[in-house]
Each structure stands twice: as structure tokens, then as C-alpha cells.
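One structure below.
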Amino acid sequence: MKELIKKLTETYGPSGREERVRDVIRQEIDNLVDTVRIDTLGNLITMRKGNRGQGRRIMIAAHMDEIGVIVTHIDQEGFLRFAGIGGVGVMGLAGNRVQFADGTLGTINLEGHRDTSKTPKISEFYIDIGACKKEDVKLQVGDMGVFAHPCVDLGQRLIAKAMDDRLGCAVLIQTLRELKDSPHEVVFTFTVQEKVGVRGAQTAAFGVEPEIALAVDVTPAGDMPEATRMTVSLGAGPAIKVKDSGMLAHPQVVKAMTAAAERGDLPYQYEVLEAGGTDADAIQVSRGGVLTGALSIPTRYVHSVSEMVDYRDVLNAVRLLVEFLSHDIS
């Protein structure tokens, strides 16, 4: 899967501009699903028919978008002011590079005339694309950029921007490759605009009308120095979500996921995330309600340009999903 993860994480796709990511995914799955459609908002909704028995309609969702920046002003010297798209933190901005849809590259820097004892505001940063004056700038207000960093293979661990949530997309693609037989009608859904309010998941779930749903996403790890205390560590297996700030996973789904992990002799953890959410937040309350859970991949440095994961957790997430989808769910 490493080549697939690299391809997906290095593809341009901020919230609302996921088309290139969607094209890559579609190329990977066209021969693996029975139906493919793109809805009005841009979600890629694919379906694999059940092969036996009376299964359920299950929606598995991963979002395609990544955090980024949007140009808000261009000054006379050609410097760009910007706002964040999604949860862009300011502490790691200075010195980072961004790339726009047309290939333009720039470096983010911080004004020198500020109180260094205070955390800077995003309005104190600017992007330098090497222009000498405003007329040299081909970009315009409203253009979006993403952080420009390659995926790096450290062996057992991988570092990249946009692991959140291209990693989830990769897990869904690999699950489609490995899932040979299922009683269920499984709707693999690649959603848009999760970073700005789980908007794609909301409209997709309304249209799909699932009986059971899972979001596949990353979750912060608690195994770094001075990290927020939570029992999720890299290399200890994918995490079965119990709660986050936007949802309480349905006990029936948690039980079924746990049973799948134990049938497959797979490592797993339980996740209680005090701050943060996933597409599951919107899916759970769609229409009359959906039995919903989430499968999370432990990730260090979430919402940075160097999100780190353990490759074993990725592979075991695929195995858990395959096991979950291969059996009846009571």
C-alpha cells in the first residue's frame, strides 16, 4: 500500500477542491465496484453488491479533503495574505511551503514586527511566491493552496502531509481489493469537505440511507512526550472509536468491530477522543439515525505537514475491515 499512500497524500485536494484526489481514487477502484456515481457536492459514492444471504446496507466513509490555505489579499509587493481552510495551526507555519492548483509554490513567513512573547495570529503570516510586484502574481483572491511536502518511508513508519484522511481513502481502496465475499451491500464513500464541517458526509448519508456506517479516519496518538493522555499508540493496532466530541459510537457497532478483530486475531485499541470528530458525526444523525461507529488509525502530529503513522496499523485496519464486512452483523 505504500505506493498508493504516497500517490494519495501528494495529490492536491483542499476542502472544496477534491477533484484530483477523486480522479486518482476512481482510477484505482473502477474495476472493483458494481456502481460509481458522483453526487452534487462531489462525493464519490461506490457500491459493492452482497454475494450471499440477507445482508445489510453498510456505508464506509473516508474523506478526500485536506487542510490548506486560501488567498485573502495580494499587496503591491506581491506578497499573499491568507486564511486557513480546516484546522490549520499557527505554530508550525513559518518556513513551510505551499503549492497552489496551478503549480505555483511559495513559502510561508512571519512578520518581524510583533511581540515574540505571544502566539502569532494567522493574519501576521504571509506567503512569498518570489514575485517582485503585484502584477507578477498570477494567482487571485480565493485561490487555495496545500502544504507541499513529500511522503517519506521510514520503514515501519511513514510521514506525510494529508494522512488525514488520504490514509482512510487508501484503507478503503485496499479493502475493496481484498474483500472477496460479503453478505452486505457495501457503499464505499469518499467524501468532500470534512475539514470544514463534515458537509459531504451529511449529504452522502442522506442519499445512501445506510443501516450501519463506519467512518475511517486518523486519530491523535497519545504516545509522544507531554502528549494529551489517551490510550492510543502507534503500532498497537487500529483504534475502535467509543467516543469523540461529536458522537458516541453505537454499542452494537463497537461490539461487532471488536468481534471482527478477535476473530481475525488482530491487535486493536479503544479510542476515547476528547476533542475532534469525523464524518461519523454527520452520518449518525442522518434521516432517522444510523448505527454508526468509526475505525481510527493512530497518528502523531495530526494537522501538521509531517503526520506520522505505523504501517502495521494501516495493514491491520484493512484486515479488520475485511473481517467486519465478511460476516453477518447482528
Residues 201-209 side chain polar contacts: donor-acceptor under 3.5 Å, at least two apart:
| residue | atom | partner | partner atom | Å |
| --- | --- | --- | --- | --- |
| Thr203 | OG1 | Asn43 | ND2 | 3.2 |
| Thr203 | OG1 | Gly200 | O | 3.1 |

(request) Give every residue pair that meets the side-chain hydrogen bond (donor to acceptor under 3.5 Å, both in side chains) criterion with at least one member in residues 278-287, sequence neighbours excluded. (result) Thr191-Asp279

(request) Name all pairs fulfilling the side-chain hydrogen bond (donor to acceptor under 3.5 Å, both in side chains) condition that reach into residues 140-159, sequence neighbours left out, sorted by first residue then second. (result)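 Qualifying pairs, neighbours excluded: Lys2-Asp153, Asn96-His149, Arg157-Asp310.
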
(message) Could you work out, with side-chain hydrogen bond (donor to acceptor under 3.5 Å, both in side chains) as the rule, every residue matching Arg22, not counting sequence neighbours?
(response) none

Taking C-beta and beyond as the side chain, do [X] and [Y] meet within less than 4.5 Å on heavy atoms?
{"X": "His63", "Y": "Val192", "answer": "no"}
{"X": "Phe147", "Y": "Leu93", "answer": "yes"}
{"X": "Arg177", "Y": "Ile173", "answer": "yes"}
{"X": "Ile159", "Y": "Leu154", "answer": "yes"}
{"X": "Leu176", "Y": "Phe188", "answer": "yes"}
{"X": "Ile212", "Y": "Met59", "answer": "no"}
{"X": "Leu214", "Y": "Thr292", "answer": "no"}
{"X": "Ile60", "Y": "Val187", "answer": "no"}

(message) For the residue pair Thr299 / Glu307, report whether a side-chain donor-acceptor contact shorter than 3.5 Å exists.
(response)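 Per modelled atom types, Glu307 and Thr299 side chains form no pair under 3.5 Å.
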
(request) In plain terms, say whether Arg300 and Asp223 are close enough for a salt bridge, that is, a side-chain N and a carboxylate O under 4.0 Å apart. (result) yes

(message) Looking at Lys243 and Glu274, is there a salt bridge between them, counting it only when a charged N and a carboxylate O are closer than 4.0 Å?
(response) no

(message) Determine whether Glu211 and Arg57 satisfy the following criterion, salt bridge (Lys or Arg N to Asp or Glu O under 4.0 Å), listing intermediate values before the conclusion.
(response) CA-CA 5 Å; Glu211 299 171 74; Arg57 183 184 297 115; 5.1 Å; no

(message) Go through it in stages, so that I can follow the logic: the residues are Glu10 and Lys6, the test is salt bridge (Lys or Arg N to Asp or Glu O under 4.0 Å), and I'd like the CA-CA distance, side-chain angles, deciding distance and then a yes or no.
(response) CA-CA 6 Å; Glu10 292 181 358; Lys6 179 178 176 64; 2.7 Å; yes

Does [X] reach the main-chain N or O of [Y] with its side chain, forming a donor-acceptor pair under 3.5 Å?
{"X": "Glu124", "Y": "Ile122", "value": "no"}
{"X": "Asn316", "Y": "Asp313", "value": "no"}
{"X": "Thr72", "Y": "Arg81", "value": "yes"}
{"X": "His184", "Y": "Val186", "value": "no"}
{"X": "Ser245", "Y": "Gly276", "value": "yes"}
{"X": "Arg312", "Y": "Gly237", "value": "no"}
{"X": "Ser182", "Y": "Leu325", "value": "yes"}

(message) Can you list everything that forms a ring pair (Phe, Tyr, Trp, His ring centres under 6.0 Å) with Tyr268? Sequence neighbours excluded, please.
(response) Tyr270

(message) Please enumerate all residues that pass ring pair (Phe, Tyr, Trp, His ring centres under 6.0 Å) together with Tyr126, with sequence neighbours excluded.
(response)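 Only Phe79 meet the ring pair (Phe, Tyr, Trp, His ring centres under 6.0 Å) criterion with Tyr126.
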
Report yes or no: do [X] and [Y] belong to one cluster of Ile/Leu/Val/Met/Phe/Trp/Tyr joined by side chain heavy-atom distances under 4.5 Å?
{"X": "Val285", "Y": "Val253", "answer": "no"}
{"X": "Val314", "Y": "Val21", "answer": "yes"}
{"X": "Ile240", "Y": "Val322", "answer": "yes"}
{"X": "Leu8", "Y": "Leu295", "answer": "yes"}
{"X": "Ile329", "Y": "Leu291", "answer": "yes"}

What is the distance from atom [atom1] of [X] to atom [atom2] of [Y], rounded to the nearest 0.5 Å?
{"X": "Leu172", "Y": "Ile29", "atom1": "CG", "atom2": "CD1", "value": "8.5 Å"}
{"X": "Met64", "Y": "Asp23", "atom1": "CE", "atom2": "CG", "value": "9.5 Å"}
{"X": "Leu248", "Y": "Asp244", "atom1": "CG", "atom2": "CG", "value": "8.5 Å"}
{"X": "Gln193", "Y": "Arg17", "atom1": "CD", "atom2": "CZ", "value": "9.0 Å"}
{"X": "Ile297", "Y": "Leu167", "atom1": "CD1", "atom2": "CG", "value": "4.0 Å"}
{"X": "Ile74", "Y": "Ile129", "atom1": "CD1", "atom2": "CD1", "value": "7.5 Å"}

(request) Return the set of residues passing salt bridge (Lys or Arg N to Asp or Glu O under 4.0 Å) with Asp65 (not counting sequence neighbours), or none when no residue passes. (result)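 Per chain and number, Asp65 pairs via salt bridge (Lys or Arg N to Asp or Glu O under 4.0 Å) with no residue.
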
(request) Can you sort out the partners of Asp30 under salt bridge (Lys or Arg N to Asp or Glu O under 4.0 Å), two or more places apart, ordered by chain and number? (result) Arg26

(message) Show me the pairs that pass salt bridge (Lys or Arg N to Asp or Glu O under 4.0 Å) and involve residues 159-168, at least two apart or across chains.
(response) Glu66-Lys161, Glu66-Arg166, Asp164-Lys195

(request) Can you tell me which residue pairs pass the salt bridge (Lys or Arg N to Asp or Glu O under 4.0 Å) test with a partner in residues 96-107, sequence neighbours excluded? (result)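 Passing the test, one end in residues 96-107: no pairs.
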
Quick check: closest heavy atoms across [X] and [Y], and the distance to 0.1 Å?
{"X": "Ala261", "Y": "Leu320", "answer": "CB-CD1, 3.7 Å"}
{"X": "Val146", "Y": "Pro14", "answer": "CG1-CD, 3.6 Å"}
{"X": "Ala280", "Y": "Ala215", "answer": "N-CB, 3.6 Å"}
{"X": "Val171", "Y": "Leu321", "answer": "CG1-CD1, 3.7 Å"}
{"X": "Phe82", "Y": "Phe125", "answer": "CZ-CB, 3.6 Å"}
{"X": "Ser15", "Y": "Ile85", "answer": "CB-CG2, 3.8 Å"}

(message) Go through it in stages, so that I can follow the logic: the residues are Lys49 and Glu185, the test is salt bridge (Lys or Arg N to Asp or Glu O under 4.0 Å), and I'd like the CA-CA distance, side-chain angles, deciding distance and then a yes or no.
(response) CA-CA 5 Å; Lys49 296 177 181 177; Glu185 178 182 284; over 6 Å; no

(message) Taking transitive links into account, so neighbours of neighbours count too, which hydrophobic residues share a cluster with Leu273 at under 4.5 Å side-chain distance?
(response)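 Its cluster partners, ordered by chain and number, are Met230, Val232.
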
(message) My understanding is that a hydrophobic cluster links ILVMFWY residues whose side chain heavy atoms are under 4.5 Å apart, including indirect links. Using that, what else belongs to the cluster containing Val198?
(response)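 When side chains under 4.5 Å apart are linked, Val198 ends up in no cluster with other residues.
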
(message) Looking at Glu3, I'd like to know if its CD atom is crowded, meaning that more than 12 non-hydrogen atoms belonging to other residues, nucleotides or ligands lie closer than 6.0 Å.
(response)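 Result for CD/Glu3: open.
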
(request) Decide if atom CG of Asn31 counts as having more than 12 heavy atoms of other residues, nucleotides or ligands within a radius under 6.0 Å. (result)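 Counting other residues, nucleotides and ligands, CG of Asn31 stays at 12 neighbours or fewer.
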
(request) Apply side chain to side chain contact (heavy atoms under 4.5 Å, CB included) to the pair Lys138 and Thr104, showing each step before the final yes or no. (result) CA-CA 9 Å; Lys138 306 304 181 184; Thr104 298; 5.6 Å; no

